[in-house]
Amino acid sequence: RDSCVSDSSDSVISSGSDSEGQVYKVVLLGEQGVGKSSLARIFGGVEDGHDCDETGNTYDRSIEVDEEEASILLYDIWEQDNSQWLKEQCMRIGDAYIIVYSVTDKSSFEKASELRIQLRRARQSENIPIILVGNKSDLVRSREVSVDEGSTCAVVFDCKFIETSANLHHNVRDLFDGIVRQIRLRKDSKEE
Ligand code: GDP
Ligand code: MG
């Protein structure tokens with residue numbers, strides 16, 4: 001299968017950079033197999049032939065959200081190796097986080113909660129934007145985590161929530177638009 005070819009109409013395509021030249025670092029967290037790399041490749045526009053390197057794991061793109069460009073550097077490095085150092089780096093570098101679980105895997109959902117707690121511990125006083133993502137929403141019959149459970153968890157953890165399907169490209173654009181809006185909101189409230 002050629003991973004660079006896709007019939008998506010939902011991909012995130014743009015060029016140019018943020019008016020202020022600022023790049024937002026966004027880090028993907030979550031258990032193996034939940035779909036982080038799939039989401040990252042859609043964001044990175046791999047299917048548009050921009051970057052077909054499967055080992056590449058950061059994606060640099062600008063997207064237009066609410067008529068304003070935002071430059072995002074997306075890190076898909078959480079599982080790159082098992083070193084504690086890398087995990088700590090991941091927890092430190094992000095301006096925002098996407099915590100992914102699979103709606104077909106309860107344990108990945110529980111892992112997502114753990115990650116949220118770890119993140120809070122690592123960045124105690126900071127109010128970092130986080131989106132909790134229930135991926136694989138297309139797999140209706142093997143669902144183990146309901147939409148309600150996901151959104152309730154997000155309320156408890158004080159973060160946003162969205163369900164996506166990387167396979168169907170469903171809500172993927174909304175996810176990345178959402179993270180940009182969250183970052184802008186926090187930034188604006190800090191500046192006040
Ligand atoms: P990662 O380990 O979190 O990076 O997960 P991957 O992106 O490598 O995906 C793991 C597996 O789940 C792959 O076989 C993907 O094709 C599959 N997958 C990812 N997202 C979806 C989705 O939304 N729906 C379905 N049905 N499968 C998915
Ligand atoms: Mg991966």
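Values in this document were obtained by computation on a predicted structure and should not be read as measured data. Start at 1 and go down the list; that is how both ligands and their atoms are numbered.
Protein heavy atom at the shortest distance from atom 28 (C) of ligand 1 is Asn167 OD1, 3.3 Å. Nearest protein heavy-atom contact of atom 18 (N) of ligand 1 is Lys136 CE, 3.7 Å. Scanning the protein heavy atoms around atom 10 (C) of ligand 1, the nearest turns out to be Gly33 O, 3.5 Å. When hydrogens are left out, the protein atom nearest atom 15 (C) of ligand 1 is Ser38 OG, 3.9 Å; that is the closest non-hydrogen contact. Of the protein's non-hydrogen atoms, Ala166 N, 2.7 Å is the one closest to atom 23 (O) of ligand 1. Looking only at heavy atoms of the protein, atom 5 (O) of ligand 1 is closest to Gly35 N, 3.0 Å.
Proximity of Glu79 to ligand 1, defined as any heavy-atom pair under 4.0 Å, is confined to the side chain (atoms from C-beta onward). Under 4.0 angstrom from ligand 1, the non-hydrogen atoms of Asn135 all belong to its side chain. Residue-level proximity to ligand 1 for Asp138 is carried by the side chain, the only part with a heavy atom below 4.0 angstrom.
Hydrophobic clustering (side-chain heavy atoms under 4.5 Å, transitive across Ile, Leu, Val, Met, Phe, Trp, Tyr) groups Ile42 together with Tyr24.
Near Glu31, the atoms of ligand 1 lying under 4.0 angstrom from a non-hydrogen atom of the residue are 3 (O). Taking every non-hydrogen atom of Gln32 and a distance limit under 4.0 Å, the qualifying atoms of ligand 1 come out as 2 (O).
Between the Arg61 side chain and the Gly44 main chain, a donor and an acceptor come within less than 3.5 Å of each other.
An N or O contact shorter than 3.5 Å links Ser37 to ligand 1 by distance. Residue Arg41 has no nitrogen or oxygen atom sitting less than 3.5 Å from a nitrogen or oxygen atom of ligand 1, judged on distance alone.
Checked by atom type, the side-chain pair Asp138/Ser165 shows a donor-acceptor distance below 3.5 Å. A donor-acceptor contact under 3.5 angstrom links the side chains of Tyr97 and Arg123, judged on distance only. Between Tyr75 and Lys36, the side chains place no donor N or O within less than 3.5 Å of an acceptor N or O (distance only, hydrogens not considered). Ser102 and Ser108 share no donor-acceptor pair across their side chains, judged by distance under 3.5 Å alone. Between the side chains of Asn57 and Gln80, at least one donor N or O lies within less than 3.5 Å of an accepting N or O. In this model, no donor atom of one side chain and acceptor atom of the other lie less than 3.5 Å apart for Ser146 and Asp148.
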Would Ser37 and Glu79 count as a side chain to side chain contact (heavy atoms under 4.5 Å, CB included) if you check the C-alpha gap in whole Å, the side-chain angles of each, and the deciding distance to 0.1 Å?
CA-CA 10 Å; Ser37 300; Glu79 290 159 15; 5.9 Å; no

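Note on Gln32: not counted as a metal contact of the Mg ion (ligand 2), no N/O/S atom lying under 2.8 Å.
Taking the six-membered ring wherever Trp is involved, the centroid distance between the rings of Tyr59 and Phe43 does not fall below 6.0 Å.
For atom 13 (C) of ligand 1, no protein heavy-atom neighbour is present inside the 4.0 Å cut-off.
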